[in-house]
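So the structure is just underneath, and the comments pick up after that.
Note that these values count all heavy atoms, side chains included, but never hydrogens, waters or copies made by symmetry.
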Amino acid sequence: MRRFLFALPVLAIAAFVGRADDAKNDFLTPDNWEGLMDYWKIDGSTVTGTAPAEGLMFNTFLCSKKKYKNFEMSFQIRLKDGLGNSGVQIRSKIANPKTFAVSGPQADIGETNWAGLYGELFGGMMKASDMNEVNKVLKKDDFNDYRIKCVGKHVTITINGLTSVDGDFEKMPDDGIIAFQLHAGRKNMEATFKDIKFKELD
């Protein structure tokens, strides 16, 4: 989505202590994450992004340091009061290390496009979800079950059991970081990701 560049908060490294499905999986280890921590709170396997009262003037992300290729990921996501815009970047890269802006495919989370695939600084919409169908299962102001699977060029996204994206995308990068988004614009926006599970696939 659109990016804005203004004054920045102090950069800090995230301490991300969470639950992994496999003891060898380092996805949730503290030294695997970085971001602008004025806007992020991490508590076990829960990540919360909160915009200031006046709203953010730029998009920012909590970014993995490690790159990933084939994986499946699940979590529960809630936008406070059903408002705002967030997402999870897959096979992406940091575009601006000062703001932690990110470029690449995004599993979208937002008022107007839940569970679509969007190219953040990557060409725009890759696959819009059918919001008529999504709204039948969406819990707008509560937690929603969200799953992402990426194997080769194929991406599958499901929300509350509904498959909203399931196809091949030739422009998918071969690998890249995972990143949680906090979007510009919405005042007091809060996005909470909990019960995060991540598994790398062969």
Side-chain angles (χ1 to χ4, degrees), residues 1-5 35 47 49 51 55-64 67-96 99-141 144-186 189-193:
M1 308 329 190
R2 177 177 285 179
R3 174 166 59 107
F4 301 79
L5 300 178
V47 172
L56 279 170
M57 302 303 293
F58 52 89
N59 294 350
T60 191
F61 295 78
L62 180 66
C63 303
S64 71
K67 294 181 180 180
Y68 299 93
K69 188 175 181 180
N70 298 328
F71 67 88
E72 55 186 0
M73 180 180 186
S74 66
F75 51 86
Q76 292 188 305
I77 171 65
R78 180 186 66 193
L79 295 177
K80 184 179 178 182
D81 299 323
L83 303 175
N85 191 315
S86 184
V88 176
Q89 296 289 139
I90 60 176
R91 292 193 188 171
S92 295
K93 63 182 180 180
I94 294 174
N96 185 327
T99 60
F100 279 92
V102 170
S103 170
Q106 179 187 123
D108 215 351
I109 296 164
E111 295 173 58
T112 59
N113 186 37
W114 275 89
L117 187 65
Y118 180 84
E120 175 84 2
L121 302 179
F122 195 65
M125 187 61 67
M126 297 171 68
K127 174 65 176 179
S129 61
D130 183 341
M131 284 302 296
N132 289 329
E133 294 300 313
V134 171
N135 281 327
K136 293 176 183 179
V137 300
L138 183 65
K139 296 175 280 188
K140 291 186 178 180
D141 57 356
N144 294 272
D145 293 323
Y146 202 111
R147 294 179 180 272
I148 307 165
K149 185 174 182 179
C150 186
V151 178
K153 299 292 186 181
H154 198 94
V155 178
T156 304
I157 300 173
T158 65
I159 182 168
N160 296 329
L162 174 71
T163 299
S164 53
V165 173
D166 188 21
D168 293 331
F169 299 90
E170 288 304 314
K171 67 184 296 185
M172 283 292 296
D174 291 335
D175 62 12
I177 66 169
I178 304 294
F180 300 96
Q181 184 190 47
L182 189 60
H183 201 280
R186 174 71 65 177
M189 191 192 89
E190 181 180 282
T192 303
F193 303 82

Next item on the list: Would you name the heavy atoms of Met125 and Leu117 that are closest together and state the gap between them?
Entry: SD-O, 3.4 Å
Check: Nearest heavy-atom pair of Gly84 and Leu79: which atoms, and what distance?
Finding: O-CD1, 3.7 Å
Notebook entry, point to check: How close do Asp166 and His154 get, heavy atom to heavy atom, and via which atoms?
Noted result: OD1-NE2, 2.6 Å
Checklist line | Considering all heavy atoms, the nearest Phe169-Met126 contact | finding: CE2-O, 3.8 Å
Checklist line | Set of residues satisfying ring-ring contact (aromatic ring centres under 6.0 Å, His included) with respect to Tyr146, sequence neighbours excluded | finding: Phe75
Check: How about Asp168: does its CG atom have over 12 heavy atoms from other parts shown lying under 6.0 Å from it?
Finding: yes
Note to self: For Lys67, I'd like to know if atom NZ has over 12 heavy atoms of other residues, nucleotides or ligands within 6.0 Å.
What the structure shows: no
Checklist line | Side chain proximity check, Val134 to Asn132, heavy atoms < 4.5 angstrom | finding: no
Check: Checking side chain to side chain contact (heavy atoms under 4.5 Å, CB included) for the pair Lys139/Arg78: CA distance, chi angles, key distance, verdict?
Finding: CA-CA 9 Å; Lys139 296 175 280 188; Arg78 180 186 66 193; over 6 Å; no
Notebook entry, point to check: Ignoring hydrogens and geometry, is there a side-chain-to-backbone donor-acceptor pair from Thr163 to Thr158 under 3.5 Å?
Noted result: no
Margin query: Could you tell me if the side chain of Phe71 sits less than 4.5 Å from the side chain of Lys149, heavy atoms only?
Written below: no
Notebook entry, point to check: Would you call Ile109 and Trp114 a side-chain contact if the rule is heavy atoms closer than 4.5 Å?
Noted result: yes
Next item on the list: Mind checking the OG1-CG spacing from Thr112 to Asn85? Nearest 0.5 Å is all I need.
Entry: 6.5 Å
Check: Taking all atoms of both residues into account, what is the closest heavy-atom pair of Lys69 and Asp174, and its distance?
Finding: CG-O, 3.1 Å
Next item on the list: Using atom types as modelled and distance alone, determine if a side-chain donor or acceptor of Gln89 lies under 3.5 Å from a backbone N or O of Pro105.
Entry: yes
Notebook entry, point to check: Where do Ile178 and Val88 come nearest, in terms of heavy atoms and distance?
Noted result: CG2-CG1, 3.9 Å
Check: Any side-chain heavy atom of Ser164 within less than 4.5 Å of one from Glu133?
Finding: no
Checklist line | Close side-chain approach of Arg186 to Leu83, heavy-atom, < 4.5 Å | finding: yes
Notebook entry, point to check: Just checking, any donor-acceptor pair under 3.5 angstrom between side chains of Ser129 and Asn113?
Noted result: yes
Notebook entry, point to check: Roughly how far apart are Leu62 CG and Phe100 CZ, rounded to 0.5 Å?
Noted result: 9.0 Å
Next item on the list: Return yes if some donor-acceptor pair links the side-chain N/O of Asn144 with the main-chain N/O of Leu138 below 3.5 Å, else return no.
Entry: no
Item checked: Contact check, side chains of Val102 and Cys63, non-hydrogen atoms, under 4.5 Å -> yes
Notebook entry, point to check: Does NZ or CZ of Lys171 fall inside the cone over Phe122's six-membered ring, less than 6.0 Å from its centre and within 45° of the axis?
Noted result: yes
Checklist line | Donor-acceptor contact below 3.5 Å, side chain Ser103 vs main chain Leu121 | finding: yes
Notebook entry, point to check: Does any donor atom in the side chain of Arg147 or Asn160 lie under 3.5 Å from an acceptor atom in the other side chain?
Noted result: no
Notebook entry, point to check: Is there a salt bridge (charged side-chain N to carboxylate O under 4.0 Å, His left out) between Lys140 and Glu111 once you walk through the steps?
Noted result: CA-CA 8 Å; Lys140 291 186 178 180; Glu111 295 173 58; over 6 Å; no
Next item on the list: Give, for atom CD1 of Ile157 and atom CD1 of Ile90, the distance between the pair rounded to the nearest 0.5 Å.
Entry: 6.5 Å
Check: Going by atom types alone, do Gln181 and Asp108 pair a side-chain donor with an acceptor below 3.5 Å?
Finding: no
Next item on the list: State yes or no: are the ring centers of Phe180 and Phe61 separated by less than 6.0 Å?
Entry: no
Margin query: Any non-hydrogen side-chain atom of Ser92 less than 4.5 Å from a side-chain atom of Pro173?
Written below: no
Next item on the list: Would you check if the side chain of Ser86 reaches a backbone N or O of Leu182 as a donor-acceptor pair within less than 3.5 Å?
Entry: no
